[in-house]
Amino acid sequence: MSYIALYRKFRPDSFEDVKGQEHIVTTLKNQIKAGRIGHAYLFCGTRGTGKTTVAKILAKTVNCEAPIDGSPCNTCPTCRAISAGVSTNVIEIDAASNNGVDNIREIREEVSYRPTQGRYKVYIIDEVHMLSTGAFNALLKTLEEPPEYVIFILATTEANKIPVTILSRCQRYDFKRISIETIAARLKDLTEKEGVDTEERALRYVARAADGSMRDALSLLDQCIAFYLGETLTYDRVLEVLGTVDTEIFSQLLRYIIAQNTAASIRILEDLVMAGKEMTQFVGDFTWYMRNLLLVKSSEQLEDVLDVSTENLRRLQEESTMVDAETLMRYIRVFSELSGQLRNSAQKRILVEIALIRLSRPQMEANLDSVLDRLRVLEEKMEKGVVVQATSPVQTNVAAATGGEPEKEKQEVRKAAPEDLAKIRQQWNKIIMQAEQPLRGYLQRSVPKYNAQTGENILYVDMQDATGRDMLTKPERLEELQNLIRNSTALEVVVEVICTGDTGGSSLAEIPVQELVEKVTNMPVEIEDIPDEDF
């Protein structure tokens, strides 16, 4: 006989075996025992939480010849036929591939025939939200007033896509995500039945990785057992099979980020890549680790929510004193955005590297999120007696991009000569990009000019309109512009603001004649022969 996957082999066949959905199981059993069976049910919930399983158990119970306390006996011919999938009374339909009006019309024709065996004809429509609008409309009347021997069970992972007219005709049951404790206990029972030696820590990690889905947990466990067949399934082996990272690595990485050790952070990522770890899984797990750290820092009464060992909790409590909550929320925000970017990216490693650099170098960013982190770094340096020198925006950006400290100013500021004005004019766009708003907005509409004929060392800034001229002629704005040019070019320049049409402005050239002559002289010229017949 061929091998049967664990999630199929151990699928519950009675309500008592369903784990984590006691609120639904109790309600359905009471309905069956009281004879108050509904004609239409809607099972909602995430994948692997037991919707289809409960639907099949309900179909067996309502047709069982000798139900036991609201559950099927699983021994009568009807129960065995339904369990084997050969019963004509239970019809399973996948709405993802049968979502047209014609498919629903077939159902409407079939419901007119009574069941050949048992009391009820049960239609289980899985992923019902995939039905087309026409198919939903065709189902409405039958769903509202079906024959007394017909029961509809609709299952979906996206209840928000179900029309209100359908929802109002069904009894709705929301399946919850199954807790880690419930999944881990179930996995332990199954491994004992299978004779597989496992560590409890390993089972808990599989349960957490399943994210509330019992089916996912069984599939992951099946994968781990197959890789280490006949051997003890340890925590480290589970991490290796699932391509995940130990929390000690996360702790070490976070400490490097807090210490702004970019090189060490990148080396950890390099080791993970060479070990074959999956980047999407790594980002998700590291985000979860930082979430746990944020909860520890926020309150001491959330230990039961963390689901971590005593050793890891002690490590989290130690790290919570190293970083403030605002900085930690910035880390989480950066990695949460990264998680969405990785889905459709072919260069996942590069995106993760950039994110690590952003975290360990907050001075690279000018947004408000990084300000508190930058202040924290400055305070730490001042406490250690490190002299913090003021640097220009250009120096700071270059240093951040190379992963090093801002370099000291090597070039002394000197007065600009007439020939230096051409250099400033060529770098104008780069210079104004270093300005803060609202100055940058005005300068983006300006044109730098100088008088090449008289040889003046005055830079004329043509603001194009009187509003811009009046704004920039204010002493504080003019000084800000001169400082901006000085920091960017190491040149002390005299700035005069003009407006197009002002007296004296018309004699200035945006591109001096001498530069224009040089450009034209050096321009390559190609001569093409044109045949006579083209004339």
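Partners of Glu106 by side-chain contact (heavy atoms from CB on, under 4.5 Å), not counting sequence neighbours: none found. In this structure, the side chain to side chain donor-acceptor pair (under 3.5 Å) partners of Ser179, at least two apart in sequence or on a different chain, are Thr182. Residues passing the side-chain contact (heavy atoms from CB on, under 4.5 Å) test with Ala263 are Asn261, Arg267, sequence neighbours excluded. Every residue two or more places apart in sequence or in another chain that forms a side-chain contact (heavy atoms from CB on, under 4.5 Å) with Ile354 is listed here: Ile350, Arg358. In terms of the side chain to side chain donor-acceptor pair (under 3.5 Å) criterion, Tyr7 has no residue partners (sequence neighbours excluded). In terms of the ring-ring contact (aromatic ring centres under 6.0 Å, His included) criterion, residue partners of Phe152 (sequence neighbours excluded) are, by chain and number, Tyr123. Qualifying side-chain contact (heavy atoms from CB on, under 4.5 Å) partners for Arg114, counting only residues two or more places apart in sequence or in other chains: Glu148, Tyr149. Residues that satisfy the side chain to side chain donor-acceptor pair (under 3.5 Å) test with Asp236, not counting sequence neighbours, are absent from this structure. Lys161 pairs by the side chain to side chain donor-acceptor pair (under 3.5 Å) definition with Glu158, not counting sequence neighbours.
Looking at heavy atoms from C-beta onward, Leu190 lies in side-chain contact with Leu218 at the 4.5 angstrom threshold. Side-chain contact check for Tyr235 versus Thr198: every heavy-atom pair is 4.5 Å or farther apart. Side-chain contact between Gln281 and Asp285 is present, with heavy atoms from C-beta onward closer than 4.5 Å. A heavy-atom distance below 4.5 Å is found between the side chains of Leu233 and Val238. For the pair Ile225/Leu6, a side-chain contact is recorded, criterion being any heavy-atom separation below 4.5 Å from C-beta on. Put simply, the side chain of Phe175 reaches to within 4.5 Å of the side chain of Val54, judged on heavy atoms. Counting only heavy atoms from C-beta outward, the side chains of Thr262 and Tyr256 never approach each other to under 4.5 Å.
Under the 3.5 Å distance criterion, with hydrogens and angles disregarded, a donor-acceptor pair is assigned to the side chains of Lys60 and Ser83. Of the N and O atoms on the side chains of Ser265 and Ser360, not one donor lies less than 3.5 Å from an acceptor on the other residue. Side chains of Thr287 and Arg291: no donor on one and acceptor on the other come within 3.5 Å. With hydrogens and angles left out, the side-chain atoms of Tyr289 and Glu319 include a donor and acceptor closer than 3.5 Å. Judged by distance alone, the side chains of Thr27 and Asn30 never bring a donor and an acceptor atom under 3.5 Å apart.
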Chi angles and distances behind the side chain to side chain donor-acceptor pair (under 3.5 Å) call for Thr232, Asp197: CA-CA 5 Å; Thr232 301; Asp197 188 15; 3.1 Å; yes

Steps toward side chain to side chain donor-acceptor pair (under 3.5 Å) verdict (Glu65, Thr78): CA-CA 7 Å; Glu65 299 174 9; Thr78 302; 3.3 Å; yes

Criterion side-chain contact (heavy atoms from CB on, under 4.5 Å) on Val352 and Leu269, from CA distance to verdict: CA-CA 8 Å; Val352 178; Leu269 181 63; 3.8 Å; yes

Intermediate values then yes/no, side-chain contact (heavy atoms from CB on, under 4.5 Å), Ile166 and Leu154: CA-CA 10 Å; Ile166 297 291; Leu154 314 181; 4.0 Å; yes

Derivation and outcome, side chain to side chain donor-acceptor pair (under 3.5 Å), residues Gln31 and Tyr41: CA-CA 12 Å; Gln31 284 188 354; Tyr41 295 87; 2.8 Å; yes

Candidate pair Thr46 and Thr157, rule side-chain contact (heavy atoms from CB on, under 4.5 Å), full reasoning: CA-CA 5 Å; Thr46 57; Thr157 56; 6.0 Å; no

Intermediate values then yes/no, salt bridge (Lys or Arg N to Asp or Glu O under 4.0 Å), Lys176 and Asp174: CA-CA 6 Å; Lys176 301 184 298 184; Asp174 290 302; over 6 Å; no

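Contacts classified as salt bridge (Lys or Arg N to Asp or Glu O under 4.0 Å) and involving residues 31-51 (residues at least two apart or in different chains) are given here: Lys33-Asp69, Arg47-Asp216. The salt bridge (Lys or Arg N to Asp or Glu O under 4.0 Å) analysis of residues 81-97, with sequence neighbours excluded, yields the pairs Lys56-Glu92. Applying the salt bridge (Lys or Arg N to Asp or Glu O under 4.0 Å) definition to pairs two or more places apart or across chains, those involving residues 5-27 are Lys9-Glu194, Glu16-Lys29.
Across Ala355 and Val334, no two heavy atoms sit closer than the pair CB-CG1, 4.2 Å. Among all heavy-atom pairs drawn from Pro12 and Thr53, the shortest one is O-CG2, 3.6 Å. A pairwise comparison of heavy atoms in Ala59 and Val90 identifies CB-CG2, 3.8 Å as the closest pair.
For the atom pair Asn98 CG and Glu127 CD, the distance stands at 13.0 Å (nearest 0.5 Å).
Judged by distance alone, the side chain of Asn103 and the main-chain N or O of Gly100 form a donor-acceptor pair under 3.5 Å.
Salt-bridge annotation for Glu278 and Lys348: present, with a side-chain N of the basic residue lying under 4.0 Å from a carboxylate O of the acidic one. A salt bridge is defined here as a Lys NZ or Arg NE, NH1 or NH2 lying under 4.0 Å from an Asp or Glu carboxylate O, and Arg186 with Asp189 fails to meet this definition. Salt bridge status for Glu199 with Arg237: absent, with no side-chain N to carboxylate O gap under 4.0 Å.
Screening Cys76, Pro72, Ser71 against Asn74 for a side-chain contact (heavy atoms from CB on, under 4.5 Å) leaves a single residue, Pro72.
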